[in-house]
Amino acid sequence: MATTSEHNRFPQRLSQPGGTRELPVRGWRVEVDVQGIGPAIFFIHGFPLDRTMWRPVSSTLSGWLRIAPDLRTAVGVPFTDPAAGLGEFADDLGVIVDALATEPVVLCGLSMGGYIAFEMLRRYPERIRGLILCNTRAEADSSDGRSGREEMIALVERQGVDSLADRLLPKILAETSLETMPRVVEHVRDMMLRHTPAGITDALTAMMHRPDSTDLLAHIDVPTLVIAGAEDQLIPAEEARSMASRIAGSHFTIIPGAGHLAPLEQPVQTSRVIGEFLEVLS
Ligand code: MLT
């Protein structure tokens, strides 16, 4: 838990415990969960999810200013150029960081949120003092990966967002989570169904064209934590371990019983690991 003097060391514009706030961002209005005071941790959600995915973890991190915005594709705000969407996501988030945090933040991104965190490192390194990479990878899509995304775009166009949710749920959650955590399953489905088909297509297009970030790994010079799910079918834990091994001094943890969404499937363990990492930074 941060002390008062630590809060003074990291003064933040927001001095009251918050809730959901609405901010203007580059021509649209974003909803952001804002909670607590202290040094800032900035959460970036995955695909096709929204800011609420971070609530189970974020609510435990007292002593920190927790900031979790929706991404534009979650609320159907189009990109200027979907193929350059990763950059547009990063620029949106740069505005939110500037509006809510006076000091550099710890960035915490899950999966697509991790891809965006890499882009923010390229564009706004001076705004980042720590990094948490959760269920994510540095590589760009393979050609099979790109074909898979084309198929998903066609599926959503033909059969709607429900059909994508049916297809993704068994991949994104561990089998045990699917069978024994009905509230998590419902939450994940609700986040997916909040998306418009155009929002889904934009996010898939942005990911399909994202740059490879493997060269960046050797240049990361902020404290970094890499979190993997033991049962992640989309980004196997060993792949995350290999990414961590290329980031000097990084910490690596595998969360047992978690699939691709460790913060939702195993919030207690994920919060503990993140809390311990933040403790060293605060
Ligand atoms: C995510 O969880 O953000 C997605 O699985 C990322 C991806 O499809 O590459």
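We're numbering straight along the sequence, starting at 1. Indexing begins at 1, ligand by ligand and atom by atom, following the structure's order.
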Heavy atoms only, cut-off 4.0 Å: how does Leu234 contact ligand 1, side chain, backbone, both, or neither?
side chain
For residues His187 and Thr52, is any side-chain donor paired with an opposing acceptor at under 3.5 Å?
yes
Can you sort out which atoms of ligand 1 are near Met207, meaning under 4.0 Å from one of its heavy atoms?
6 (C), 7 (C), 8 (O), 9 (O)
For atom 4 (C) of ligand 1, the closest protein heavy atom turns out to be Ser111 OG, 3.3 Å
Checking the side chain of Arg137 only, and the main-chain atoms of Leu234 only, is there a donor and an acceptor separated by less than 3.5 Å?
yes
Check: Phe79 ring centre within less than 6.0 Å of Phe89 ring centre:
yes
Give the atoms of ligand 1, by number and element, whose distance to some non-hydrogen atom of Gly46 is under 4.0 Å.
3 (O)
min-distance protein heavy atom vs atom 9 (O) of ligand 1 -> Tyr115 OH, 2.5 Å
Per-atom contacts, ligand 1 versus Met112 - under 4.0 Å to a heavy atom:
1 (C), 3 (O), 6 (C)
Taking Val25's backbone N and O only, do any of them form a donor-acceptor pair with Arg29's side chain (distance below 3.5 Å, no angle check)?
no
To which of Arg137, His260, Met208 does the heavy atom nearest atom 2 (O) of ligand 1 belong?
His260
At what distance is the nearest protein heavy atom to atom 8 (O) of ligand 1, and which residue and atom is it?
Arg149 NH1, 2.9 Å
Exactly one candidate in Thr20, Leu71, Val32 meets side-chain contact (heavy atoms from CB on, under 4.5 Å) with Arg51; the answer is Thr20
Are any side-chain N or O atoms of Arg210 and backbone N or O atoms of Met207, one a donor and one an acceptor, separated by less than 3.5 Å?
yes
Pair Arg122-Ser213, side-chain contact (heavy atoms from CB on, under 4.5 Å): steps then yes or no:
CA-CA 9 Å; Arg122 278 190 278 268; Ser213 295; 3.2 Å; yes
Which heavy atom of the protein is the closest neighbour of atom 3 (O) of ligand 1, given with residue, atom name and distance?
Phe47 N, 2.7 Å
